[in-house]
Amino acid sequence: MKMKKKKFTGQISWLLGIAMMSSLLAGCGGSADSLQQRDTETKEVPSSQEATDVGETKSEADPLKGPGNVTLSFLGFNLDFDPNADVMAGVIEEATGYKTQYSMLPSDGADEKLIADVAGGVKYDILKVTAGQFQKLLSQGALMPLNDLLDTYGQNIVNGLADEKMWTTFSDDQGQIYGIPFMNEFPRQVDFIACRRDLMEKAGITKMPTTIDEFYNCLVTLKEYYGDEYIIFSTHNGWTSTRCISSAFGIYNDWMVDENGQVQYITEHKNFKAYVDFMKKLYDEGLLDSEFAVNTSNTVSEKLSSGQAIMGLSNHSSQIAISTSLVENMGLQMEDVDFICPLKGADGTCSYMRWDSVNYVTCLLKNCENAADAINYIDLKVQNQEWICIGEKGVHFDLDENGNYIPIMPKFADDKTYAWWYINATDTDAYAQQWQARVKKSEYQKDAFDRTTNYTVEHNPDIYVPNDFLYKPAAGAYTEKNTALLNVFQDYFVQVVVGTNDLDSGMDAFMNDWTASGGDEVKTDLQTWHTEYYQ
Amino acid sequence: MQKKLITRPQKVKYKSSFREECRKTWVYIRHHPAMYLMLLPGLFFLFIYKLLPLYGIQIAFRNYQIFLGDNPIDAIAKSEWIGLAYFKRLFSSSQFFKVLRNTLVISSLKILFLFPFPIVCAVLLNEIHSKLYHRIVQTVIYIPYFFSWVLIYGVFYAIVGSYGVINTILTSLGGGRIDFLTDAAHFLGLIVFTEGWKETGYNTIIYLAAITAIDSTLYDAAKVDGAGKWKQIWHITLPGISSTIVLMLILRVGNILNAGFEQILVFYNPAVYNTADIIDTYVYRIGLGQMDFSLSSAMSLFNSLVAFLLIVGANTVSKKLTKRSIW
Amino acid sequence: MMQPRNNEKRELKRKKGSEKTIEIIACVFLTILCFLVLLPCLSVVSQAVSPGTDVMGGKVFFLPTGFQLETIGYVLTRTPFLRSLKNSLIVTAAGTFISVVTTILTAYPLSRPDFKGRTIITFLYVFSMIFFGGTIPAYMVVKTLGLIDTYAGMILPFAIVQFNMFMMKNYFEGLPGEVLESARVDGAGDMRTVVTIVCPMAKPVIATVTLLYAVCYWNNYFHAMLYTTSTEMQTLQVYLKNLIANIQGTLADITGSTGYSPNLTSDGLTAAAVTISIIPITLLYPFIARYLVSGITIGSVKG
């Protein structure tokens, strides 16, 4: 016992001495810390070029340092894979000749991390960020104008974007371009309501509803037949959750323009009350999931996958998991899973907005030292788009008789799963075709895509409405404040539907919050731009 | 006259005692240099990592534009000084008093139900004689501390959701569903329960450590005096850990404006905003989509000021009443 | 708090009787508590090891419906796992060590009633615990010291956590002054007193604070994320959080690839990730627990 005690105290005093020294050392000179094991190689690369500080005055585009002479650092959004270890890293290096060091923003706290890094002077050459993050960086003046660079080194990038007018969306009011968009692959894809055809037929429904009244009657029939056994219709609490339904009321976006050219908010739309009343009726009659206020798109997918819900909002990528589960785990046939496309009103009205959104924006920081090479690198990637994104014919994909891309599995999935993380800009027309190889990776996804998006494009092409504010430059109240407005609106909408708030008596409080969040400024901003642009 | 006579020597005494104090201090320092050396590493880290960044507090009074200067620190000085504008925006909002009230209600409920609970657990655990059982219980109740709130939500959603385990049982027994997540009263209960689930084990450890400090000879003496177990708990165990209880209570009450941001953010939904929206979640939502460092700084400074006043107050009161204090 | 009030009634009963009663009450109470705590935990583990079809079908509640290790295997075999586990272990071990030592050294002087400067320094710790300068200034300190992407960068900001320091100080204050004085009379220096007298007597609180620090380093996501940029320096929490956050997309992405299996479900993988992150730190607890059994006789330290 005594021995043990002595040993213990001996250890402690020894440890204390060391720790005091090491902690003092660590504190005094950070770099002297013995714990610092990270090799500084990768960190040194950008700083070795610091000798010639280019600054931000660029009348002419910089000269190229050229592939092989510079390692580019690339910061991308969060995804669950290691971008430096994936096969794609080698493919990109082969295609462009540039060595690239990839980093990723975190899944949680990405905005803080991005702002702290960028403001704190961490050097990244290429940033691929969300539209919101791009906006923050731009409004704080952190970005480099790209016009000269694109003219000199980025002709394929410029020409790749089919809709030339889109460039204004990534420019300031002076016409300086700050961002390169990676556009939504297929703007006409639609959300849909996934249904259990087997359960519907059992309840006596043979025809899939296409109008809002048929839809309602169908829900009522199901409720009468099944009672509480199933959730009749499930959707999540974001306002986009009901785009397939609001289409029947002519409501397609949070901001719209009426026939007189007046900008109006969704709450000012002439059918808004009818739309909310409809949703409220569904909720009150138990047709809409009682967890509507709580649901996220994930929980809706899970309710469909586990067979708890008969109908639910879905899209082609969520449908992979849902159909897989229903067919492979629950023993359904593929025909038992059916889809309802955006609904029509009684008079045939149906407005569904083309989703010409950007997935991600690529931008360069104003103190970027390898700007010319960065643009050149992106341009080279556009030139080699097919090879980078979907690979080699006969190895990764084949073409069918109509020239459609068919993936060769599992090679395609093994090598090209994360290809899209590496892409900055696309040749949009070509990519819309190539991307379908990705859709066809899963037969369930392909089936859902064919029966909803492709069906709508073919049979109901008139339902698509353009986004009225698509070409608005990335400046002003709209870009800064609309997220907050949308939150205020969604909360009000959900509260009214579930009955904790009232549409009419709660309107004043809603308008107060809305105005406090900048609603009027945004409206003026949009109106001014819209009038000028479309005069 | 008499008064004067009394006060004067007192003053002199005070003066001399001050000098005496200084001399004593000097003597103490000379005799105990090691005591001051020991403090150095801690003070060093405190200064670098805790006190230096306090420079950033002024962000709350400026329209902070992070890219304005050469670096974010430089930018602080260059950002426009706008005084209390952000505080005004915070307090003048129609929502502010509602969210302040919610914050206080939720925090108070948590203190009321959850503060005594770990003490009870620790005291009872101390009465267990089987060492094996003792260790098993300790290890088990501390596991939930490692669950993040997102995950706890997932776990409890499966249990209390409208179609979760509890409601499935209720409906199969012919009862109606209970909306734990969308009904205000049930929601508050859920918030308090899940916090207790996560934190009880962790806090129990703190009291357990304090219990070990109690001189076991006291118990032996009590047994000789014929005191029963309840009496021992009341007269030895609880007084023995009272300084820890006071320390914990002062800190907890000081943090009353901190009602559990992460927890509520994952648990709440628009249907329960009227009771569940707290200051932090409210500021988080109105600042969403805008990098509003100044607004969140103003909020955190307000929280800190309240905490500071409460902690200083509670410490003073406690010093007077119980002779226990943090400093 | 209710039990002591029953005190008066029970007083009349025989001592032995009350001892038995309380142990039974404690046993029942704590066993119920353990079940309440364990059931949800059990459901997490069950989700991780049950077949994917059952997890997806919502058939797994508290007990596993089968057994498979593919889900856990997926999380364990991917490249970032071992790397991030290594980083987490280094940060936790080195950080806990530095922190505990710094905390002991700070708490001891502040616990001595005769220590000059006690009030002001203690107050400094209280003040810095309440007021916080913000994320960005703290980030800039780490950045300016050149500690971004280093272990030191993730450790040193937590070298001393005020709450833990107060807990230790509190415990030291409870130690009998005579023992410390007698050491001084024997001619032991302050440093030697800490090492040879205070530390052995304060084993329970040192063990507890060690645990608190280890948990703090192990669980830390936000700073580990903020102060690192390269994937090489990712800690386990960062890796697991990324895994969980992207699960839906990842599963859609890997459909059709050779890595796909029906046992890979979002709930299953989340549960597996959590199970894996909790096991190492839970293993630490039994080592701490042995110090938390009361009955340490202060008299025995003297002898």
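In what follows, every chain begins at residue 1, and chains take the letters A, B, ... in the order their sequences are listed. Every heavy atom of this structure was used, including side-chain atoms; hydrogens, water molecules and symmetry mates were not.
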Could you tabulate the donor-acceptor pairs under 3.5 Å formed by side-chain atoms of residues 23-30 of chain B, not counting sequence neighbours?
residue : atom : partner : partner atom : Å
B:Thr25 : OG1  : B:Glu21 : O            : 2.7

Within the 4.5 Å heavy-atom criterion, are [X] and [Y] side-chain neighbours or not?
| X | Y | answer |
| --- | --- | --- |
| C:Ile22 | B:Ile233 | yes |
| C:Val205 | B:Thr212 | no |
| B:Phe147 | C:Pro40 | no |
| C:Gln162 | B:Leu46 | yes |
| B:Lys229 | C:Glu23 | no |
| B:Cys121 | C:Phe29 | yes |

Using non-hydrogen atoms and a 4.5 Å limit, figure out which bit of [X] sits close to chain B: side chain, backbone, both or neither.
| X | answer |
| --- | --- |
| C:Ile281 | both |
| C:Phe131 | both |
| C:Thr31 | both |
| C:Asn219 | side chain |
| C:Asp267 | neither |
| C:Arg112 | side chain |
| C:Leu211 | side chain |
| C:Leu110 | side chain |

Let's go through C:Leu105 and B:Leu39 carefully: what are the C-alpha distance in whole Å and the side-chain angles of both, what is the deciding distance for side chain to side chain contact (heavy atoms under 4.5 Å, CB included) to 0.1 Å, and is it a yes or a no?
CA-CA 6 Å; C:Leu105 292 178; B:Leu39 280 176; over 6 Å; no

Mind checking what makes side chain to side chain donor-acceptor pair (under 3.5 Å) contact with B:Ser242, not counting sequence neighbours?
B:Arg324

Can a donor-acceptor pair be found between the side chains of B:Tyr142 and C:Thr282 at a distance below 3.5 Å?
no

Assess, by modelled atom type and distance only, whether the side chains of C:Tyr221 and B:Ser148 contain a donor and an acceptor separated by less than 3.5 Å.
no

Under the side chain to side chain contact (heavy atoms under 4.5 Å, CB included) criterion, do C:Phe132 and B:Leu54 qualify, and how do the steps go?
CA-CA 6 Å; C:Phe132 169 58; B:Leu54 288 181; 5.7 Å; no

When heavy-atom pairs shorter than 4.5 Å are enumerated against chain B, which of [options] gives the highest number?
| options | value |
| --- | --- |
| C:Ile288, C:Leu212, C:Thr103, C:Asp114 | C:Asp114 |
| C:Thr106, C:Ile130, C:Leu124 | C:Ile130 |
| C:Thr208, C:Ile160, C:Asn170 | C:Asn170 |

If you count heavy-atom pairs under 4.5 Å with chain C, which of [options] comes out on top?
| options | value |
| --- | --- |
| B:Val312, B:Leu305, B:Asn315 | B:Leu305 |
| B:Val155, B:Ile128, B:Ile143, B:Ile152 | B:Ile128 |
| B:Ser243, B:Ala34, B:Pro144 | B:Ser243 |
| B:Tyr55, B:Tyr202, B:Tyr36 | B:Tyr36 |

How about C:Phe127 and B:Phe308: are their ring centres within less than 6.0 Å of each other?
yes

I would like to know whether C:Tyr285 and B:Val140 meet side chain to side chain contact (heavy atoms under 4.5 Å, CB included); could you show each step before the answer?
CA-CA 10 Å; C:Tyr285 196 82; B:Val140 165; over 6 Å; no

